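Data first, discussion second: the structure below is written as structure tokens.
Note that the structure is predicted; figures quoted are calculated from it, not measured.
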Amino acid sequence: MSASSRSMALLVRLLPLALALALGTPATLAGPAKSPYQLVLQHSRLRGRQHGPNVCAVQKLIGTNKKYFTNCKQWYQRKICGKSTVISYECCPGYEKVPGEKGCPAALPLSNLYETLGVVGSTTTQLYTERTEKLRPEMEGPGSFTIFAPSNEAWASLPAEVLDSLVSNVNIELLNALRYHMVNRRVLTDELKHGMALTSMYQNSGIQIHHYPNGIVTVNCARLLKADHHATNGVVHLIDKVISTVTNNIQQIIEIEDTFETLRAAVAASGLNTVLEGDGQFTLLAPTNEAFEKIPAETLNRILGDPEALRDLLNNHILKSAMCAEAIVAGMSMETLEGTTLEVGCSGDMLTINGKAIISNKDTLATNGVIHYIDELLIPDSAKTLFELAAESDVSTAVDLFRQAGLGTHLSGKERLTLLAPMNSVFKDGTPNIDAHTKNLLLNHMIKEQLASKYLYHGQTLDTLGGKKLRVFVYRNSLCIENSCIAAHDKRGRYGTLFTMDRMLTPPMGTVMDVLKGDNRFSMLVAAIQSAGLTEVLNREGVYTVFAPTNEAFQAMPPEELNKLLGNAKELANILKYHIGDEILVSGGIGALVRLKSLQGDKLEVSSKNNIVNVNKEPVAEADIMATNGVVYAISSVLQPPAIKPQERGDELADSALEIFKQASAYSRLAGGLEAPLSLLCCFA
């Protein structure tokens, strides 16, 4: 095998590993897939290999003793929960230094569990084990055990009264606490699966394991610091907290906590108590009484009195999986039972929801998940009125107009509506006066049903409260209703949906011909259309885009040329047809450039830049004058169809000749297989 072939083969073998390290996916060169923890440990080992064998790079939070094995993303960001870290290098789990040698070349000596506790730095656990009469002999004797050993710092951080109660009764309280940290078999990290429960050696009580995609493993929400320290009679995992038994489910915790009085009543009214006391692994972002009190009484009473809105509200506080605080080292999106997505993140020691530090108490563990107390309600769009949706959107000016026009009841009631609300920038030059015309225009910004933009289709018509029918236009990069295009994602409320629009909507007021006749700027164009016999075309049903020259455009032509054009009905019709596109193209659907086929046959080049529309590189004076059968653009020049160049004429003749040759060949085959005379084709060369 050549050197290049060997290099390629090596690259192919290393590619899965490179992808695994970069993406955190369980792919390896051979053997079973590695767990997320093992992948992160592997990455830390790779980053530390320049310092010798079995050296791992760890990230330490500045000003704390917190250390993390590093994944690829954290390595380059150098941050944990937005806080800066420093990189240090230490022996990977299971290895130790040898004086005078580089790195950590020696495996730790294999000893029993009791001795291993001292080796891994859990000397306080070792001390408390010795104080009990029964546990040290058990840890030194035969068997196969797993111990989740709290670090020395974990014991030191226990409240004094808790620690006193343990050490004052070592053969009952302390012994039971330590046995709860033990499992009666060897369990390595590759067996620690997300959401599993291990049976402890204290009354067979369950220990909850969560193994997250970012490589963090938690044990009853205590973070696993160093794992898989083998002993002759088991394995030791070092954790950052002293864990305690969990007996209550989420619903039972809600029942006994005074701060959840309002939440308790809401859960009972919604029927969600069966979910919160059932099997599963959830995260409840539990609003306290104070969180409910922050909501206006009218809004709160409306939601509490509406079973569907109430259920949506509570489901928006329940994440589909258990998420311990220690597992969150950067922002991540998590789905709720409501189907919405919350951004769960952290800032230093504080957890954040959608960027806000509203979690006041974290990691209250239940048998079916974990509870974080929050001091602010997370009201989903599906529980809000149109008014409430608009208050959080860039449409406040438009909503004020609806209120001033006396249309506010439509936005706060139970009417199924879709509101087409222009964004605030539309009104940068001022708002219209509220009169009968404006009120009717605003009514035409309300669709009679609750829509979702993903179900809209080209050519669909929508009925408004003002009695108009509005058309839907679907373009490559735009979704428009008449002249106004949707500028932001839908907000779907309890009864109404909010579409944020890029301009005020102007419903069509007649056919293209009606529009032109009703505007004095187009009197010469109207006369020309009538002379060319195109009146019927622009009055009938259809889909047209008309680039309408104003009177000034015609008057700008040389008089002789204008008179010649107006005196030749056939040529006039040809020129006018070149001004009419065969589909409706509103300005919001143009994008950079659209080639629009005209009724004359040639294509018009329509472009848009900096909100200026051009046709054949000529600026449009006014865009989006809507008609029932099209849209009109006022232009300041008369467009001329492209002249046919000699070469293009030759190409057309050649194409015609080729077509004749094909037909002649087909005819000759039918007539007996005679060859078509080549001279027929040569005539056109």
Side-chain angles (χ1 to χ4, degrees), residues 458-461 468-475 480 482-483 506-557 561-590 594-606 613-616 618 620-644:
H458 193 77
Q460 183 179 3
T461 58
K468 293 290 184 181
K469 287 187 178 295
L470 306 179
R471 295 159 298 181
V472 176
F473 304 120
V474 179
Y475 302 104
C480 306
E482 293 298 336
N483 62 303
T506 54
M509 301 303 292
T511 66
V512 168
M513 206 61 203
D514 294 331
V515 169
L516 297 176
K517 286 180 178 179
D519 193 325
N520 291 332
R521 293 178 297 172
F522 304 122
S523 59
M524 292 183 69
L525 175 60
V526 169
I529 290 171
Q530 291 169 340
S531 298
L534 296 177
T535 303
E536 184 181 349
V537 172
L538 298 181
N539 264 328
R540 68 188 179 202
E541 287 187 11
V543 285
Y544 304 115
T545 297
V546 179
F547 295 96
T550 61
N551 295 341
E552 288 77 10
F554 282 105
Q555 292 164 357
M557 294 177 66
E561 185 179 330
L562 176 60
N563 292 333
K564 182 180 177 181
L565 176 63
L566 295 177
N568 186 335
K570 184 176 180 180
E571 180 62 20
L572 180 60
N574 188 61
I575 291 289
L576 292 177
K577 285 181 179 179
Y578 182 62
H579 289 72
I580 305 171
D582 64 355
E583 61 179 282
I584 296 178
L585 179 64
V586 299
S587 62
I590 293 172
V594 173
R595 301 187 73 221
L596 181 65
K597 186 178 180 182
S598 71
L599 297 188
Q600 177 262 355
D602 287 313
K603 291 188 176 180
L604 298 155
E605 290 194 351
V606 189
V613 177
N614 291 275
V615 55
N616 290 358
E618 294 291 333
V620 166
E622 183 180 351
D624 297 334
I625 307 170
M626 304 307 296
T628 55
N629 58 345
V631 60
V632 176
Y633 291 79
I635 59 175
S636 301
S637 60
V638 177
L639 305 176
Q640 298 294 328
I644 298 179

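- The side-chain heavy atoms of Tyr544 and Val537, taken from C-beta on, include a pair separated by under 4.5 Å.
- With rounding to the nearest 0.5 Å, the separation of CD1 in Ile580 from NZ in Lys577 is 8.5 Å.
- Residues Asn539 and Asp514 form a side-chain contact, since some pair of their non-hydrogen atoms from C-beta on lies under 4.5 Å apart.
- Here the side chains of Tyr633 and Val546 are not in contact, with every heavy-atom distance at 4.5 Å or above.
- A donor-acceptor pair under 3.5 Å links the side-chain atoms of Asn551 to the main chain of Met524, judged by distance alone.
- Side chains of Gln600 and Asp602: a donor-acceptor N/O pair is present below 3.5 angstrom, by distance only.
- Between Pro507 and Leu470, the closest heavy-atom pair is CB-CD2, 4.1 Å.
- Between Ala634 and Phe522, the closest heavy-atom pair is CB-CZ, 3.7 Å.
- Counting only heavy atoms from C-beta outward, the side chains of Tyr578 and Pro642 approach each other to under 4.5 Å.
- One distance of note links NZ of Lys603 with CG of Asp582; it measures 9.5 Å at 0.5 Å rounding.
- Between Phe473 and Leu585, every side-chain heavy-atom pair lies at or beyond the 4.5 Å cut-off.
- In this structure the side chain of Leu576 reaches within 4.5 angstrom of the side chain of Leu525, judged on heavy atoms.
- Ser637 and Pro549 get closest at one heavy-atom pair: O-CB, 4.0 Å.
- Using a 4.5 Å heavy-atom cutoff, the side chains of Pro508 and Glu482 are in contact.
- In terms of the side chain to side chain contact (heavy atoms under 4.5 Å, CB included) criterion, residue partners of Gln460 (sequence neighbours excluded) are, by chain and number, Leu456, Tyr457, Leu462, Val472.
- Between the side chains of Ser523 and Asn520, no donor-acceptor pair of N or O atoms lies under 3.5 Å.
- Between His579 and Val638, the closest side-chain pair of non-hydrogen atoms falls below 4.5 Å.
- Using modelled atom types and a 3.5 Å distance limit, the side chains of Thr511 and Asn629 yield no donor-acceptor pair.
- Distance OG1/Thr545 to CG/Leu599: 10.0 Å, rounded to 0.5 Å.
- Shown here are the salt bridge (Lys or Arg N to Asp or Glu O under 4.0 Å) partners of Glu622, two or more places apart in sequence or in another chain: Arg521.
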